[in-house]
Number of protein chains: 2
Amino acid sequence: MNGKPTYRVVIVGAGFGGLNAATALAGADLKITVIDQKNYHTFQPLLYQVATAGLSPGEIAEPIRSILRRHKNVEVLMAEVTGFDLERRVVQTADREVPYDSLIVAAGASHAYFGHDEWEPLAPGLKTIEDALEIRRRVLLAFELAERRAAAGEPDHPLHFVVVGAGPTGVELAGTLAEICRHALAHDFRSIDPRRTHIHLIEGGQHVLPAYPEDLSRSALEQLQRLGVEVLTSAMVTKIEPGVISMGKTRMKAAVILWAAGVAASPLGKKLGASVDRAGRVLVQPDLSIADHPEVFVIGDLAALKDASGKLLPGVAPLAILQGRFVAKLVRREIKLGETAHGRSEPREPFHYRDKGSLATIGRAAAVAQFGKIHISGFLAWLAWLFIHILFLIGFQNRALVLIQWAWSYFTYERGARLITGSTNLPGWNALISADGGAVEREQEIPAVIRK
Amino acid sequence: MNGKPTYRVVIVGAGFGGLNAATALAGADLKITVIDQKNYHTFQPLLYQVATAGLSPGEIAEPIRSILRRHKNVEVLMAEVTGFDLERRVVQTADREVPYDSLIVAAGASHAYFGHDEWEPLAPGLKTIEDALEIRRRVLLAFELAERRAAAGEPDHPLHFVVVGAGPTGVELAGTLAEICRHALAHDFRSIDPRRTHIHLIEGGQHVLPAYPEDLSRSALEQLQRLGVEVLTSAMVTKIEPGVISMGKTRMKAAVILWAAGVAASPLGKKLGASVDRAGRVLVQPDLSIADHPEVFVIGDLAALKDASGKLLPGVAPLAILQGRFVAKLVRREIKLGETAHGRSEPREPFHYRDKGSLATIGRAAAVAQFGKIHISGFLAWLAWLFIHILFLIGFQNRALVLIQWAWSYFTYERGARLITGSTNLPGWNALISADGGAVEREQEIPAVIRK
């Protein structure tokens, strides 16, 4: 028996950051508690595939308990964290407090509506499995309702779908939706022609993929247009009503509006009491701890950290993974040296991140990729994206299934997961019909497209 | 151009009966409209696998449009049928009427609570994908809540799950739940031991699988007990409250109550105006039409038809399939002969069904099967069940995935689809805790087991 009490690490959030911190810590002589609101980890890079009916939720999610099962010193709690008491060193949940010696907060981010939370029910975002199912439901239901209307003899106006925000998520959603309309759904209806569907991608900035180099943005725009996506840049959304989206004086009717425009860090960031930036991200120290609390770390999308050139590190999975491992190593070393977070023999090393590149997929054989000075587009970039995601999926239990399902979809253009579950009500649908006797049309023509 | 208007067949319901009628009719020169509330067909024999997290919804469901895509004269409408006007020969939906020359109603069945519809939210049944997800949610959530409570230092009382009704669905649910507790979940928790979970199977009749020969019922009971299921027969449920189920004076606390006891035919049966039996099944003529309306057919679980010995034909998929094909053939022949339903050259042949046998699965390598005079149990019966379901799945697009997923589960004891989606509230949970400080226990001991 060791008289010393076991060192306790609490990890909030089982995304890429939290899970990697947990597994990297698990070998040490300490007790780890992972707290998450969900009982599963979501493989977020493939969430858009669930939203577009290519994959089932079970294929991109895995129970947190399964992932951590063999680590006997890791405990998983499905609970909502309501706050922190950093003085008493406890994490607060609805029904109990969980004490810690080190705390790692990896609660991630959600979408932001720039002060217009009333838009959320009209234009769902894509951050969770539930979001993805809601998007899938709306997209599929729009076609069913249009078919029903046209079969009853009403005029067959083409559907309009609008994706707001042309970052990586918006681009992959718009590209995949365009493909589905032209392939998977093309021959499934008798009274409407899904190939006539308009997919609009609305971006407030001057370019699609604004965080990418200009040549890649341009290439992404071309690839989107080749897929039939209608891109509108420099357009700020000013109003969303049921079935209608407005950008200043331009009003568009839309059967489905999807939101991929803004990111807001988890509200748990603010509850730590540390400084946060405008998006609610916690301004962390170079060692990823927060000011005055070297025993409290924030990692992943919830952390705001700048690189040597002063640029904010991106909210991507590889960064979260590295940060999780970095913090785990740091905690393990200090425990091994018998140090506490507050009494150390030497200052901590800062976290360093070398960006290995970025990739955005647009559709089948369509993507852009940047690896340092190398910029690639199209099929090659898409192959790189595929290869990296296959590597990524290694260690993910369902990878074989995901790949089979994926290959199947790729060669057959089939979307197997086209289930409408939940309500059969589509917000805005009645507005669309009642306004002009069934027409789903733009009230004002918008410029075809746009600067390159 | 043919001056004669196209003959119109409307099929209500895209279960096994409706789909088989549609595909068997599709080759003829007529127009077919398939109407279903859902946009997908559910492979019902594997629904319990979704409820117990072995398969994902997308793996046992397929879009109706995909299934019927290549039949250009088949139109699919996702709509709720609200009624029929048999005189004017139209099917009524919320927003339009659909005219027919022949009508095939295959709307299936749901579960029945014997006049206690208020039990439904407390004890969900298993007839749809949504039902299966709700059961999965409740079962998984019960373990999460128990772990959370035990991790907070409260006593670890074992959980009790109750399945009401020991027909094929109840037996497969109880058996699979028992297996999950002993295998898939066994090592996933730190503060509770899922292997201590009690699975109760409550049956009003004297035997489990009451429709089976007595030797097979006995064998099923033994196989259930070997899996650890606690079986209580001759027990009528008299009351269900949040967290508590009563059978007369016997009250049991239960974290989750599942309902597999009663079947009620779709309410559409009554709306046809024909005679129905107590379960709401339509009493059809020997040719599966209804009295005075030879152009209206009822097939599948919605139809009540007796065999030569006066025994009601069972509500199983093979029967629905044969009935769908029978009606299709009949309609095609009469069209070909230029006959109408009302003016025929000869009387119609009656529908004949030779029961090829019945199978019920209980768990891994546990099942019972009857093929005429041959009764088998255990591994062999399970192999037969598996073989027949594989055959059955042929023609089902996802069969490869289902089989891979299944094989994976079989060899690893893993349940990949363990996602808790939707609400994190469990009806009855607070009642369980508040009543006796956290104990989830039977208030009155019930007899261990039971006549064989």
Side-chain angles (χ1 to χ4, degrees), chain A residues 33 37-40 53 55-59 61-63 65-66 68-70 72-80 93 95-96 98 129-130 133 140-141 143-145 147-149 151-153 184-185 187-191 397-398 400-401 404-405 408 414-422 424, chain B residues 33 37-40 53 55-59 61-63 65-66 68-70 72-80 93 95-96 98 129-130 133 140-141 143-145 147-149 151-153 184-185 187-191 397-398 400-401 404-405 408 414-422 424:
Chain A
T33 302
Q37 285 177 271
K38 304 282 182 192
N39 77 324
Y40 54 86
L55 293 172
S56 283
E59 288 158 358
E62 197 170 341
R65 296 189 184 284
S66 302
L68 298 172
R69 176 185 296 157
R70 64 197 178 87
K72 294 297 172 198
N73 58 338
V74 180
E75 164 190 70
V76 178
L77 288 184
M78 180 183 166
E80 191 181 350
T93 70
D95 49 9
R96 67 179 279 223
V98 186
I129 294 273
E130 270 100 348
L133 293 178
L140 298 176
L141 193 55
F143 288 108
E144 295 295 338
L145 295 177
E147 171 82 352
R148 204 158 87 189
R149 197 181 54 192
L185 299 179
H187 305 291
D188 277 10
F189 296 85
R190 301 289 173 260
S191 303
Q397 210 161 53
N398 290 326
L401 280 172
I404 293 167
Q405 183 71 272
W408 173 264
E414 193 55 77
R415 313 293 287 183
R418 277 163 41 204
L419 317 189
I420 299 175
T421 48
T424 53
Chain B
T33 302
Q37 285 178 271
K38 304 283 182 192
N39 76 324
Y40 54 85
L55 293 172
S56 282
E59 287 158 358
E62 198 171 339
R65 295 190 184 284
S66 301
L68 298 173
R69 176 184 297 156
R70 64 197 177 86
K72 294 298 171 197
N73 59 336
V74 180
E75 164 190 70
V76 178
L77 289 184
M78 181 182 165
E80 192 181 348
T93 70
D95 49 9
R96 67 180 277 223
V98 186
I129 294 274
E130 269 99 348
L133 293 178
L140 297 176
L141 194 56
F143 288 108
E144 295 294 339
L145 296 176
E147 172 82 352
R148 204 158 86 189
R149 196 181 57 192
L185 299 179
H187 305 291
D188 277 11
F189 296 86
R190 300 290 174 259
S191 303
Q397 210 161 54
N398 290 326
L401 280 171
I404 293 167
Q405 182 71 273
W408 173 265
E414 193 55 77
R415 312 294 285 186
R418 276 163 43 204
L419 318 189
I420 299 175
T421 49
T424 53

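Residue numbers start from 1 in every chain, and the chains themselves are labelled A, B, ... in the order their sequence lines are given, proteins ahead of strands. Only a predicted model underlies this, so the values are computations on that prediction, with no experimental measurement involved.
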Can you say whether [X] sits under 4.5 Å from chain B via the side chain, the backbone, both, or neither, judging by heavy atoms?
| X | answer |
| --- | --- |
| A:Ile129 | side chain |
| A:Arg96 | side chain |
| A:Glu75 | both |
| A:Leu145 | neither |

### Query
Got B:Arg70 and A:His187 here, is their nearest side-chain heavy-atom distance under 4.5 Å?
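A side-chain contact under 4.5 Å is absent here.
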
### Message
Less than 4.5 Å to any heavy atom of chain A: does that hold for the side chain of B:Thr93, its backbone, both, or neither?
### Response
neither

#### Entry: Which atom of B:Arg418 lies closest to which atom of A:Arg65, heavy atoms considered
NH2-CB, 4.0 Å

### Query
For the residue pair A:Ser56 and B:Ser56, what are the closest heavy atoms and their distance?
CB-CB, 4.1 Å

#### Entry: Residues that A:Arg190 engages under salt bridge (Lys or Arg N to Asp or Glu O under 4.0 Å), provided they are two or more places apart
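Partners of A:Arg190 under the salt bridge (Lys or Arg N to Asp or Glu O under 4.0 Å) test: none.
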
Drop me the distance from [X]'s [atom1] to [Y]'s [atom2], to the nearest 0.5 angstrom.
| X | Y | atom1 | atom2 | answer |
| --- | --- | --- | --- | --- |
| A:Leu77 | B:Phe189 | CG | CZ | 10.5 Å |
| A:Phe143 | B:Asn39 | CZ | CG | 12.5 Å |
| A:Arg148 | B:Asp95 | CZ | CG | 4.5 Å |
| B:Leu141 | A:Met78 | CG | CE | 5.5 Å |

#### Entry: side chain to side chain contact (heavy atoms under 4.5 Å, CB included) partners of B:Gln37, counting only residues at least two apart
B:Glu80

### Query
Out of A:Thr421, A:Asp188, A:Leu68, which one racks up the most heavy-atom pairs below 4.5 Å with chain B?
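The candidate making the most pairs under 4.5 Å is A:Asp188.
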
### Task
Just give me the residue among A:Val74, A:Val76, A:Thr33 that pairs up with chain B most often, heavy atom to heavy atom, under 4.5 Å.
A:Val74

### Task
Evaluate the criterion side-chain contact (heavy atoms from CB on, under 4.5 Å) for residue pair A:Lys38 and B:Ile420; output intermediate values, then yes/no.
CA-CA 7 Å; A:Lys38 304 282 182 192; B:Ile420 299 175; over 6 Å; no

